[in-house]
Every structure is written in structure tokens, then in C-alpha cells.
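Whatever order the structure lists them in is the order used to number ligands and atoms, beginning at 1. Excluded from the calculations below are hydrogen atoms, water molecules and symmetry mates; all remaining heavy atoms, backbone and side chain alike, are included.
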Amino acid sequence: MNAREIALKIINDVHTNDAYANVSLTRELRKHEVSDQDRRFVTELVYGCVKAGDSLDWILSQYINRPIKKIAPIIQDVLRLGIYQIFFMDKVPESAACNQSVELAKKYGHIGTVKFVNAVLRNAVRQPEKAVYPNGKGQATKYAALAYNHPEWLVKRWIKEFGYDMAVKLCEFNNTNAALSIRTNTLKTNRSDLMNILSAEQVVCYESEWTPEGLVCQSHPAMDQIKSLTEGLFQVQDESSMLVAHVLDPQPGEFIIDTCSAPGGKTTHIAALMQNKGRVLATDIYEHKLKRVNENAERLGIQIIQTELLDATQIGDVYEQQADRVLVDAPCSGLGVLRRKPDARWKKSPALLVELPKLQIEILKSAAKAVKPGGVLVYSTCTIAKEENQTVVNLFLADHPEFELEQTGQFLPYAKQKTTMVQLLPHIAGTDGFFIARMKRK
Ligand SMILES: C[S@@+](CC[C@H](N)C(=O)[O-])C[C@H]1O[C@@H](n2cnc3c(N)ncnc32)[C@H](O)[C@@H]1O
């Protein structure tokens, strides 16, 4: 199977089976023996095509006079793949994009579809001016959505909230490739020693400006070839996510509950800050995800983490006033981490921002019950939607006078802020978008 056919299979899996692009990509690349060059080509085709989403369909619709959805799904994807190569990839000759798409149509379609694919793509090559995005009066939102490959509802929302220029910057940021960032496992090494070890393993990285244990990698070999990862010298984690455990500020010997813990990025950070002394209870609603917490803890050499399958909305009844500190790293829309998941932006909807806050408040209320008097409660998310962040915290506080909001920004290790809640915006901070609020029980 050649690179384009592998890419087609993955893209089709994403579109017809709702598969995650990264999961499907990893699985298919493992199945087929491909060169490094082809691996990069497949990845670029898949991520690029999936990310471009509606923009590809809009371009296609300029060359097809019937609804795209009426075409057989696999042929839709053959066309998307072809259009992507023609309009988005400078290094692929247009003739190769057309010819190879026709070959795929021969394999997955019939004589009619072969002619159709050939005609559509050759027309696109001949008349590229038809695919110029509309940018007239009153079309600014539509234009930005198409030009920066985001759903229109999201762009509209961000323009209202941040203004046009900032909304575009945010979209542009989401279209960049996220660098790998890692957290030094301070139970086994320190950041400068880790940098030397990584350098010998061909990992080029620099120190994070956000956290004392963070490193950002500019280039690295495949993850399964980095020995220091299997040896537990570091954990893969975004810089902004590393801020949460610092804000929680757990102390050795304490009892901490991490209510939505899997796969354990923050749980293991908490345990490291406690110097592996005390007790961390890591709960989640998925057993298979808790396995990941245990695997990470074992790899990192942590003994104080205990996992438990428990719905966070029940946690307060089970552990009433028992914990010194409780973390709620809530399930959220993930609107702050869109650059990491090319398909994610197309799977979100405005309805999610109505439904999720109900669960988030319920979890926060229950988690609060588990905090001892004088203890700390931290609420965090990787979204930038106010409904899931400030609104949730304010609603909770209005109903819980026994909790007071602290100067969360003062608990950041570096770049302290004079703010009661911290909201990192990706296009400004250069990190994943993250929200953190720290509260204290009186
Ligand atoms: C943002 S992720 C947590 C990431 C994790 N804290 C880390 O740093 O690696 C949210 C987690 O909440 C879990 N979750 C969703 N609903 C839950 C509930 N009602 N109770 C407990 N966990 C829940 C999900 O399974 C998911 O693992």
C-alpha cells in the first residue's frame, strides 16, 4: 500500500467511524512498513486534510454541482486528499496529485467515479481562481473560518470575545505544530542532568520559561527510541498543565485527592512535589484510564499513588472533609488544546458548552466536600471557554461561602500574575490554553 492509500484509509476512518486521527495514524503506520519519508508524508496528508475540514469541502463545492455528502464516503475522501495536495502542499506536483487520486478512485470506485474524480481535480488545477475564499462585506467571519480552517461558530465566538485580529491569531496558533514538552521527574534526576542525557539521545530541547522542571523539545527521535522515557526520567506534559500542581502546592506527608486524574500527568507531578511522601488518591470514571495512571506511577518510581474507580460527583460523600488538598482537573471541551488534535475542532459544538458546565459544577461541589477545614481546592481545565471556567467557579463560590478564592496567579512558579484566576490563552502564552483557580476552605 503506498503512502497516499494509507492516508486515505486513515482519513476515511476519521470521517466515517469517528476515529481519532492520531490513534488511527499510529495503528496504520505500525501495520505497514513505510520509510521515514513516507511516514512524514502520510502524517502531513492525514493531519493536514483532517484539520482543513470544511475548507476542503468548500473548495470542492466550487467544482462539483451536487452536494458532496451525496458522493460515496470513500470517494469524498479521495477528492479531499487530492484537493489538499493541489491547494495546500507546495511540494506535490499537481499532476501527481491528480494521477494518484485517479489511481485511488480506480481501486475504491468504478469507471464512473474514476472519470468524475479526474474531471473535478483537473478542473481545480485549471481554474484555481474559483477557490478564492469569499471576503466581501459581511463575510469576515466566513472568510476567517475558511482561511484558517476552523468551524464558523467557533470563529464567530472568538471574534466576539477577543476581536478579529486576536481571533485570527488564535486560529493561526491552533494550526501550528505543538512542540513536545516534558516534565523532569525530580524524584530521579534534575532538569540540567536530564538535558545532558537527552542531548546524548539526540533530543534537542531548551528550558521552559513557565516551570522549573519543564523542557521544550525542538527535535527528537521517535518516542519509543528515547531510553530516558522508559527509565522514568521524565513525563510528557504541556508546560501550562505543569502549572496546576504548583498552584495546588502539595506538601510531603499530606493526603491529596486528584478527582479526574487519568492518565496521571498531574497526579504524578503532585507526588513528585511531595517527594514521594504522603498519600495521593487518584480517581477517574474509567478503569482502563486508571491503568495508565498506575503505569506512569510505576515508570516514574512513585509509591504513594493509589487509584480508585470513583465518579467524582460522589467523591465528597465518600471522603468527606478528609483531604488536605483536592484537585478537580475537570473534563472539558478542550478548546485550549486544539493544536494538539487536528480533528478536535470539528467534533466540538456549542451544545457542549451548555452541557459540560453542569457536570463541572456537580464535580466541583462534591470535591469541595472532601476538603478539610483550612484545606485547598483547585479547579482547572484545558479550555478557554468562560462558561466552563470563570462562570463555574463564580457559581460555586456564590453557593459555598465557606470557600474563598485566593490569588491564584501568585502560586505560579514563574511569571506570577496579580489575578484570582489564571487563564492562559494559547496565542498569547504560546502554550496550551489552561484555566486554574485556587480556593481555600475557611
Ligand atoms: C482533563 S482529563 C484529566 C487529565 C489528568 N488530570 C492529567 O493531568 O493527566 C479529565 C478526566 O476526567 C475523567 N472524568 C470524566 N468524568 C468524570 C467523572 N464524573 N468522575 C471522575 N472522572 C471523570 C475522564 O475520564 C478524564 O480522564
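- Classification of Lys142 and Asp54 as a salt-bridged pair fails, no side-chain N sitting under 4.0 Å from a carboxylate O.
- Residues of the protein with a heavy atom under 4.0 Å from ligand 1 are Thr259, Cys260, Ser261, Ala262, Pro263, Gly264, Gly265, Lys266, Asp284, Ile285, Tyr286, Lys289, Leu310, Asp311, Ala312, Asp329, Ala330, Pro331, Ile363, listed by chain and number.
- We find that Lys369 and Glu362 are not joined by a salt bridge, their nearest charged nitrogen and carboxylate oxygen being 4.0 Å or further apart.
- Every residue meeting the side chain to side chain donor-acceptor pair (under 3.5 Å) condition with Lys386, not counting sequence neighbours, appears here in chain and number order: Glu161.
- Listed by first and then second residue, the salt bridge (charged side-chain N to carboxylate O under 4.0 Å, His left out) pairs involving residues 275-301 amount to none (not counting sequence neighbours).
- A search for ring-ring contact (aromatic ring centres under 6.0 Å, His included) contacts involving His15 returns nothing, not counting sequence neighbours.
- Salt bridge status for Glu28 with Lys31: present, with a side-chain N to carboxylate O gap under 4.0 Å.
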